[in-house]
There are 2 protein chains.
Amino acid sequence: MGNGSKTPKNGRNAPTIADVAERAGVGIGTVSRVINNSPAVRPETRAKVQAVMEELGYVPNPHARRIAGGRSYTVSVLLPFVGTEFYLRLLEGIEAELGEQRYDLALFPLLSKQRLERFLSSSALAYHTDGLIVASYDLAERFPGGRLPTDRPVVMVDARSEAYDSAYLDNALGGRLAAEHLLALGGPVFAVQIEEELDRAFASTVFSARIGGFREALAQAGVPLPEDHVFRTRLSAEGGQIALQRFLELQRPPLNVFAAADVVALGVVEAAERSGLEVGREVRVLGFDGQPWTATRGLSTLEQPVETMGRAAARMLIERLQGTKGPPRHERFEPRLVVRASTQIGS
Amino acid sequence: MGNGSKTPKNGRNAPTIADVAERAGVGIGTVSRVINNSPAVRPETRAKVQAVMEELGYVPNPHARRIAGGRSYTVSVLLPFVGTEFYLRLLEGIEAELGEQRYDLALFPLLSKQRLERFLSSSALAYHTDGLIVASYDLAERFPGGRLPTDRPVVMVDARSEAYDSAYLDNALGGRLAAEHLLALGGPVFAVQIEEELDRAFASTVFSARIGGFREALAQAGVPLPEDHVFRTRLSAEGGQIALQRFLELQRPPLNVFAAADVVALGVVEAAERSGLEVGREVRVLGFDGQPWTATRGLSTLEQPVETMGRAAARMLIERLQGTKGPPRHERFEPRLVVRASTQIGS
DNA sequence: CCTGCGGTGGGAAACGGTTCGAAGACGCCC
DNA sequence: GGGCGTCTTCGAACCGTTTCCCACCGCAGG
């Protein structure tokens with residue numbers, strides 16, 4: 001096996017920093033500096049090196065980076081193990097921001113508490129990462145001292161934490177906006193609440209915050225929400241279908257329904273259509289999340305800036321990784337009411 | 001900051017192989033051989049080294065292993081992004097087997113096709129692992145040539161693939177067993193089928209195989225299954241609730257329901273209880289999966305040896321990693337009927 | 001013309017492991 | 001007693017990066 005002939009193609013042995021250096025006629029240190037955006041490189045040199053990297057398809061080996069530099073340029077993202085589009089969008093945002101800073105991410109689905117603890121303590125995993133982004137759960141509060149047993153920086157997203165930086169949505173505000181909107185339409189108001197035990201391992205509070213804000217705004221307007229106007233279900237479209245059935249037993253159309261999540265709102269719409277009721281007139285439905293498909297289904301919703309929140313979280317983490325000190329910072333985001341056919345008479 | 005005093009505790013700087021070697025009075029090569037179960041170590045030496053490793057809390061750095069040895073002793077597990085207990089159990093099995101061989105795993109939730117392709121091609125991730133275990137989807141068939149674009153070994157679990165080793169359950173057999181059992185009870189038979197688009201990114205075939213076997217066995221017994229005796233829903237307990245509602249519109253109790261998944265069967269049970277019907281007599285319910293909680297809920301089910309399948313998949317992968325050649329091997333597993341109160345008259 | 005200095009670039013050392021050639025210890029045989 | 005395997009063990013070399021020290025360059029100032 002003479003290794004005289006280079007095989008820099010996407011084959012078994014990838015090109016190394018030495019290959020790049022040689023081909024570009026510079027030293028390995030210079031290549032490293034280019035990779036790490038060090039300012040101490042002349043623009044022409046940088047361009048030349050980058051061209052060679054491109055040509056050779058060079059990608060720095062993260063394991064080597066980790067071992068040499070102490071950092072892996074990788075962050076772990078801990079996310080609930082539920083299949084919703086929300087997390088897809090959130091990751092989109094996180095990844096966009098991390099990518100610009102040449103960071104990678106490793107996903108860690110939160111399947112069980114046991115697994116989480118193994119992840120955090122036993123260091124044997126592939127998750128030897130520089131920092132953590134935790135989505136949707138305030139994991140910190142379930143550990144003694146209110147802090148995760150790790151010395152790496154942590155940022156919360158879609159959740160607020162006292163102990164760590166966080167980027168979160170004002171869910172209660174969303175509930176209040178929902179109340180205002182539905183009240184303006186006139187007619188009785190109902191709500192679909194969602195069980196917090198998302199995946200029977202961890203509990204989130206977003207849904208109760210949404211319904212809480214809703215209830216509060218209604219009360220302030222002098223229209224309290226009766227208990228039987230609230231239906232609780234697990235997170236599924238079918239739960240929304242059942243909810244509307246119940247509501248129709250109590251009340252003849254027209255009626256207004258606020259669902260704490262778009263998926264559930266979709267079920268309400270499905271059930272209405274199946275019952276031959278006109279959505280937007282006889283049954284008005286307002287969801288929450290702003291999932292992409294709500295536009296084509298004509299579903300009114302409270303849109304949250306998911307990608308933006310993801311980016312914000314990633315940015316905060318990177319700043320911490322670069323040494324920023326100081327008390328936890330919190331970025332608050334607001335949902336935006338998007339009115340579509342499902343809460344508008346006719347088209 | 002004199003570093004004269006060692007801090008081998010679980011602090012910032014973990015002990016290295018050199019620390020262990022020094023403390024044990026051996027060379028680093030010997031320590032490495034102990035770590036890797038090389039036979040060329042005297043038992044007493046091995047014991048001594050292991051004692052020191054224990055004492056120091058030494059864990060080999062996977063990045064260093066990867067860089068030095070070419071392997072990372074880590075395998076990726078690709079799994080659908082749905083929050084079911086099935087995957088928890090599957091991972092339990094996989095992890096048990098891998099752990100015995102000193103391998104770690106990195107989870108990769110299959111959120112979208114786009115993300116999968118990035119994972120497989122762009123090598124920049126932390127997922128520089130030695131092999132892949134793919135759960136539930138025959139991902140291979142969606143790539144040109146019917147093979148994943150990777151040269152690392154691949155094993156399928158809970159799915160069968162022509163191109164790769166696989167450990168899978170005979171779902172059709174489960175359906176047939178279900179049919180036999182329900183027929184023996186007497187009375188009309190219904191089925192709840194589940195949408196294959198588990199998480200709207202990838203499609204699985206397990207549910208249609210289950211219902212397929214069910215239908216086939218019924219037909220053979222001369223009791224074909226009418227179309228309106230099959231209700232389709234997404235995977236959720238509420239879907240089961242709605243299904244029973246529909247069935248009760250067509251048929252007065254007693255009736256028998258086979259649900260293609262335990263979660264859905266649970267919904268059927270819930271709906272029956274809410275309607276004041278006696279489960280096991282007026283409504284008989286049979287699930288599929290053998291989730292741990294079925295025991296306490298008295299739900300009859302087709303139990304699958306999930307952990308065992310996971311172990312089998314991991315074992316096959318490790319063998320491949322150790323150089324085993326040859327055509328794809330397939331391990332077939334069979335579900336086992338567990339009869340409980342939900343398909344038994346009285347207690 | 002010499003000196004000093006900021007801006008660049010080169011490459012040795014280090015990171016924490018694996019691997020492999022070499023060497024020591026020991027027992028056996030002639 | 002010397003020759004020769006076998007069984008263990010040692011530690012240097014290496015994996016692909018980062019980091020740091022030093023050298024070099026060109027230019028302004030004395």
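Chain letters run A, B, ... following the sequence lines, proteins first and then strands; every chain starts at 1. Basis for what follows: all heavy atoms, side chains included, without hydrogens, waters or symmetry-related copies. This is a predicted model, so every value here is computed, not measured.
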**Message:** Whether B:N36 contacts C:dT18 is assessed here as follows: a side-chain N or O lying under 4.0 Å from the phosphate OP1 or OP2. Is that the case?
**Reply:** yes
**Request:** Calculate the interatomic distance between B:R65 atom CZ and D:dG16 atom P; express it in whole Å.
**Result:** 18 Å
**Asked** To the nearest Å, how far apart are B:E44 CD and C:dC26 P?
**Response** 13 Å
**Request:** Return the value, rounded to whole Å, for the distance between atom CG of B:D19 and atom P of C:dG17.
**Result:** 9 Å
**Message:** Can you measure A:H63 atom NE2 to C:dG17 atom C1' for me and round it to whole angstrom units?
**Reply:** 13 Å
**Message:** Nearest heavy atom decides the nucleotide; on that basis, is B:T45 or B:A68 closer to the 5' end of DNA chain D?
**Reply:** B:T45
**Item:** Rounded interatomic separation in angstrom, taking CE from A:M53 and C1' from D:dT17
**Value:** 14 Å
**Asked** For DNA chain C, what residues of residues 28-35 of chain A have any heavy atom nearer than 4.0 Å?
**Response** A:I28, A:G29, A:T30, A:R33
**Message:** Does D:dT8 have OP1 or OP2 under 4.0 Å away from a side-chain N or O of B:R42?
**Reply:** no
**Euclidean distance, atom CD1 of residue A:I67 to atom C1' of C:dT18 [Å, nearest integer]** = 11 Å
**Request:** Could you check whether the rings of A:H63 and B:H63 sit parallel, tilted or perpendicular, using 30° and 60° as the cut-offs?
**Result:** tilted
**Asked** How long is the line joining CD1 of B:I17 and P of D:dA12, in whole Å?
**Response** 15 Å
**Asked** Once you round to the nearest 0.5 Å, how far does CD1 of A:I17 lie from CG of A:L56?
**Response** 12.5 Å
**Complete:** Rounded to whole Å, the CG-C1' distance (A:L56 to D:dG16) equals 15 Å
